[in-house]
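As structure tokens, the structure follows; a few thoughts come after it.
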There are 2 protein chains.
Amino acid sequence: MPAATSATADPHRPDAKPRRRAGRPPSAVLDQDGITAAALQLVRKSGYDAFTMAALARALNVAPSALYNHVSSKREVLVLIQDHLTSLVDVSAFGTEPWDQAVRDWAWSYRAVFARHTPLIPVIAVLPVADAPKTLAMYEAVSTGLRRAGFPQQCIVAAIVALESFVFGSAYDVNAPADIFASGSMAASTPNFSAAVDSLGEEGYAHQADVAFSLGLEALIAGFGALRAQGREARSEA
Amino acid sequence: MPAATSATADPHRPDAKPRRRAGRPPSAVLDQDGITAAALQLVRKSGYDAFTMAALARALNVAPSALYNHVSSKREVLVLIQDHLTSLVDVSAFGTEPWDQAVRDWAWSYRAVFARHTPLIPVIAVLPVADAPKTLAMYEAVSTGLRRAGFPQQCIVAAIVALESFVFGSAYDVNAPADIFASGSMAASTPNFSAAVDSLGEEGYAHQADVAFSLGLEALIAGFGALRAQGREARSEA
DNA sequence: CGTCACAAATGAATGGCATTCATTTAGTGG
DNA sequence: CCACTAAATGAATGCCATTCATTTGTGACG
């Protein structure tokens, strides 16, 4: 965050307004990196409801319209946040661990990062990878790992997409209210579901979301292991 | 014919405005079912961007503020839509097919319904089931099916949550642009991922999303089959 | 050394949005 | 018959993203 404190004279006093006269400043106040950093900080402190272009401008001590010299829309700011967050996802295990453990570590890390940023998921899910270089780098790391592990070329994208879909869907669950499955007055008409819910005890839903994620992830890993075996078999015959 | 078409005089002419005087009308114009139906029709015709309270009111030939006598917020309308859509998900196979085929049919149907309604996913994912009776009915049908198939009680909720997470994540993929994986000028720095993408040929991403969904779903079903086997084994020993 | 295009800021609109409120009218229960 | 409440209108309210005219500084070109 280099660009922040240059323009205003007194950083130790809570200056409220963008005290800067109109016209181009001597040195640029804004750039995409600074905007991204401020946006991320704002989102972390106040959440996505409070994340408005006006609030972001205020955090940067700038008029809202100034932002549009550096980004074309609020959506673009979300994309910048998304790409930065993706660089925080841990793919290091693809260099050190067996493929299945690497996938496990990656998926847990991926979910952990985006569980706190679910409003980005609709943006990410339909975003061309070319608009997000760090995201592309993550895919490359995963692809490389799976390829080295012997996965058939044609399965790799499908496996990544399936895992990612599961991660995104599961990220929502982490933030669900603890009593999401309480059927209330309708419990009588849903005996089997209510019994299944009751059998879970009182461990809290956050833990329950982890159980479901683990269950699904292990099933996916096991299923993909079979794919890999098929691929290796076919190649050794040829 | 006195009650039904009384408010607007000429139904054959495109009357634009809510031609009705102020004050309570002789018979109620609005109710939750009517609002839900109109909202769904509006969303289907014009999409979620065009779905505003003002547009909904216009479709119902009513002032926007009138809606708030029947729903407390736009979000509540989304919940009504969601619950109705969930009743369109096909769970019939849980009564006729083996559990694995039933899960398969259910998941494909579930994804098909919500692929066209991805803006609802953030709403559904954190919605208490008690607020959505038809959704609860779906869970009951699935729970009953899994229980009859011999799944251990404690696994059922986790399995449903995992499947649902995968379905929601996959629903986004269906609407992704065809060139979402085109890495463009960065292809050189991502050789493995680019090669994996290139190996897919030109079948279009919609088909590719189906392949990934099938791959993940079959892995999940296979993994859950193992759970079921463990449960049966443990019970026969006891 | 001047000037000219362009970059980067301000501040004042603009139009759309969900939601609220005062008001009007009409059924309903005591 | 009267008070209460339900259900409509229409006029605000406040927030939001985005645009535009304007001002000011920079750097490149002649």
Side-chain angles (χ1 to χ4, degrees), chain A residues 2-9 15-35 38-39 42-43 46-81 119 123, chain B residues 2-3 5-8 15-35 38-39 42-43 46-81 119 123:
Chain A
T5 58
S6 63
T8 55
D15 291 313
K17 285 296 150 188
R19 208 164 297 286
R20 180 171 29 244
R21 57 198 236 267
R24 178 178 183 168
S27 78
V29 178
L30 295 177
D31 57 56
Q32 283 205 347
D33 283 351
I35 290 173
L42 176 58
V43 155
S46 312
Y48 280 89
D49 282 351
F51 175 60
T52 66
M53 293 301 267
L56 178 57
R58 192 150 20 85
L60 288 160
N61 198 38
V62 141
S65 54
L67 296 169
Y68 290 87
N69 288 321
H70 303 270
V71 295
S72 67
S73 65
K74 180 177 180 176
R75 183 175 191 278
E76 187 172 331
V77 180
L78 293 177
V79 170
L80 290 172
I81 296 177
V123 175
Chain B
T5 58
S6 62
T8 52
D15 290 312
K17 284 296 150 190
R19 207 164 300 285
R20 179 170 32 242
R21 60 196 233 267
R24 178 178 183 168
S27 78
V29 177
L30 295 178
D31 56 54
Q32 283 205 347
D33 283 352
I35 290 173
L42 177 58
V43 155
S46 312
Y48 281 89
D49 283 351
F51 175 59
T52 67
M53 293 300 268
L56 178 56
R58 193 151 18 85
L60 288 160
N61 198 41
V62 140
S65 54
L67 296 168
Y68 289 86
N69 288 319
H70 302 270
V71 295
S72 66
S73 65
K74 180 176 180 177
R75 183 174 192 277
E76 187 171 333
V77 180
L78 294 177
V79 170
L80 291 172
I81 296 177
V123 175

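Within every chain, numbering begins at 1; the chains are lettered A, B, ... in the order of the sequence lines, protein sequences first and strands thereafter.
We find that CZ of Arg75(A) is positioned 11 Å from P of dT18(D), with the value rounded to whole Å. The CD-C1' distance, from Gln32(A) to dA8(C), rounds to 14 Å in whole Å. Atom CE of Met53(B) and atom P of dA12(D) are 21 Å apart (whole Å). Distance Leu56(A) CG to dT18(D) P: 12 Å, rounded to the nearest Å. Taking atom CZ on Phe51(A) and atom P on dC16(D), their separation rounds to 12 Å, with Å as the unit. Atom pair Tyr48(A):OH and dC16(D):C1' shows a separation of 18 Å (rounding to whole Å applied). Look at CG on Leu30(B): it is 12 Å from C1' on dT9(D), rounded to the nearest Å. Taking atom CG of residue Asp49(B) and atom C1' of nucleotide dA17(D), one finds them 14 Å apart after rounding to whole Å.
Using a 4.5 Å heavy-atom threshold, the side chains of Arg20(B) and Val62(B) count as touching.
Counting distance only, with no hydrogens placed and no angle test, the side-chain atoms of Asn69(A) and the base atoms of dA7(C) include no donor-acceptor pair under 3.5 Å.
For the atom pair Thr52(B) OG1 and Lys74(B) NZ, the distance stands at 6.5 Å (nearest 0.5 Å). Taking CG of Leu56(B) as the start and CE of Met53(B) as the end, the distance is 6.5 Å to the nearest 0.5 Å. With rounding to the nearest 0.5 Å, the separation of CG in Leu30(B) from CG in Leu60(B) is 6.0 Å.
Along DNA chain D, the nucleotide closest to Ala50(A) and the one closest to Ser65(A) are compared, and the more 5′ of them pairs with Ala50(A). Each of Tyr68(B) and Ala22(B) has a nearest nucleotide on DNA chain C; the 5'-most of these lies closest to Tyr68(B).
For His70(B), whose side chain is taken as the heavy atoms from C-beta onward, the closest listed nucleotide among dT18(D), dT25(C), dA7(D) is dA7(D). Closest approach to the Ala66(A) side chain among dT9(D), dT19(C), dA9(C) is made by dA9(C) (side chain taken as heavy atoms from C-beta onward). Taking the side chain of Ala28(B) as heavy atoms from C-beta on, and the options dA8(D), dA17(D), dT10(C), the nearest nucleotide is dA8(D). Nearest to the side chain of Arg20(A), among dA18(C), dG10(D), dA9(C), sits dA9(C).
Remark: side-chain polar atoms of Gln32(A) are paired, donor with acceptor, to backbone N or O of His70(A) under 3.5 angstrom.
Considering only side-chain N and O atoms, Arg21(A) lies nowhere under 4.0 angstrom from the phosphate OP1 or OP2 of dT10(C). Considering only side-chain N and O atoms, Arg24(B) lies nowhere under 4.0 angstrom from the phosphate OP1 or OP2 of dT23(C).
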